[in-house]
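Per chain, numbering begins at 1; letters A, B, ... match sequence-line order.
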Amino acid sequence: DTEVTQTPKHLVMGMTNKKSLKCEQHMGHRAMYWYKQKAKKPPELMFVYSYEKLSINESVPSRFSPECPNSSLLNLHLHALQPEDSALYLCASSQDTPGGLYEQYFGPGTRLTVT
Amino acid sequence: GENVEQHPSTLSVQEGDSAVIKCTYSDSASNYFPWYKQELGKRPQLIIDIRSNVGEKKDQRIAVTLNKTAKHFSLHITETQPEDSAVYFCAAPLSTGRRALTFGSGTRLQVQP
């Protein structure tokens, strides 16, 4: 299984709502990532988990809260978002060994609209 | 941290022609350079990658070249087909020792039938 899955595919939420994005992989990867992608822009790194521990937070506002319950799952909890947070949220996973960077497999993304 | 610049932003070619996209990077310690293809509404997918211990890598119609001295790497697509039309992103390590990527700004390739 070389697939990363994400749910939901689409999400519309108000600025006072609380919602969560979910990501799952069964490739045995120990590094998992959240990216944000605006239209016609490259993916922008938000968070990196390595062996279920947060290793990189790219100065993301606290209204985004990541969680890695186990080695296969990654969540992104959303609260009090702004309209400018509307974007495609991509999850990715990769091997994590001392040898360096490896291919990142991306999920299909969750298209988020904040109203 | 690493800074990756990608050119051109758009590229239109006739079917059967070659396409070349170039990226430059700033950190001489960077050692991994992947290329991703993203079709409209789809996820980014790795099409080829190269590590700093080699200068060129080929996979059928796709090749990547790396010039460590000049700190640039390029994607070459030969015999382009309409299904090659997509946005292509280059990437490099975010910074030394950090297991994450930073992406170039993307190139929209249009292959005209």
Over 12 foreign heavy atoms within 6.0 Å of CD, B:Gln60: no
Rounded distance (nearest 0.5 Å) linking atom OG of A:Ser94 with atom CG of B:Leu46: 11.5 Å
Per-residue contacts, residues 28-49 of chain A versus chain B, heavy atoms under 4.5 Å: A:Tyr33, A:Tyr35, A:Gln37, A:Lys40, A:Lys41, A:Pro42, A:Pro43, A:Leu45, A:Val48
Of all pairs that satisfy ring-ring contact (aromatic ring centres under 6.0 Å, His included), the ones with a partner from residues 56-79 of chain A, not counting sequence neighbours: A:Phe64-A:Tyr89
By ring pair (Phe, Tyr, Trp, His ring centres under 6.0 Å) - contacts of B:Tyr88 (at least two apart): none
Heavy-atom pair of closest approach, residues B:Gln38 and A:Leu88: NE2-CD2, 4.5 Å
Hydrophobic cluster identity match, B:Leu109 and B:Val20, side-chain contacts under 4.5 Å: no
When B:Leu101, B:Asp49, B:Val87, B:Thr102 are compared by non-hydrogen pairs under 4.5 Å with chain A, the top option: B:Leu101
same_hphob_cluster(A:Leu90, A:Leu73) at 4.5 Å side-chain heavy-atom cutoff: no
A:Tyr105 side chain near B:Arg43 side chain, heavy-atom distance below 4.5 Å: no
Verify same cluster id: A:Met13, A:Met15 (apolar side-chain graph, 4.5 Å): yes
CD (B:Glu79) with more than 12 external heavy atoms under 6.0 Å: no
Heavy-atom pair count under 4.5 Å with chain A, highest-scoring of B:Pro34, B:Gly104, B:Ala100, B:Gly106: B:Ala100
Partners passing salt bridge (Lys or Arg N to Asp or Glu O under 4.0 Å) against B:Arg108 (at least two apart in sequence or in another chain): none
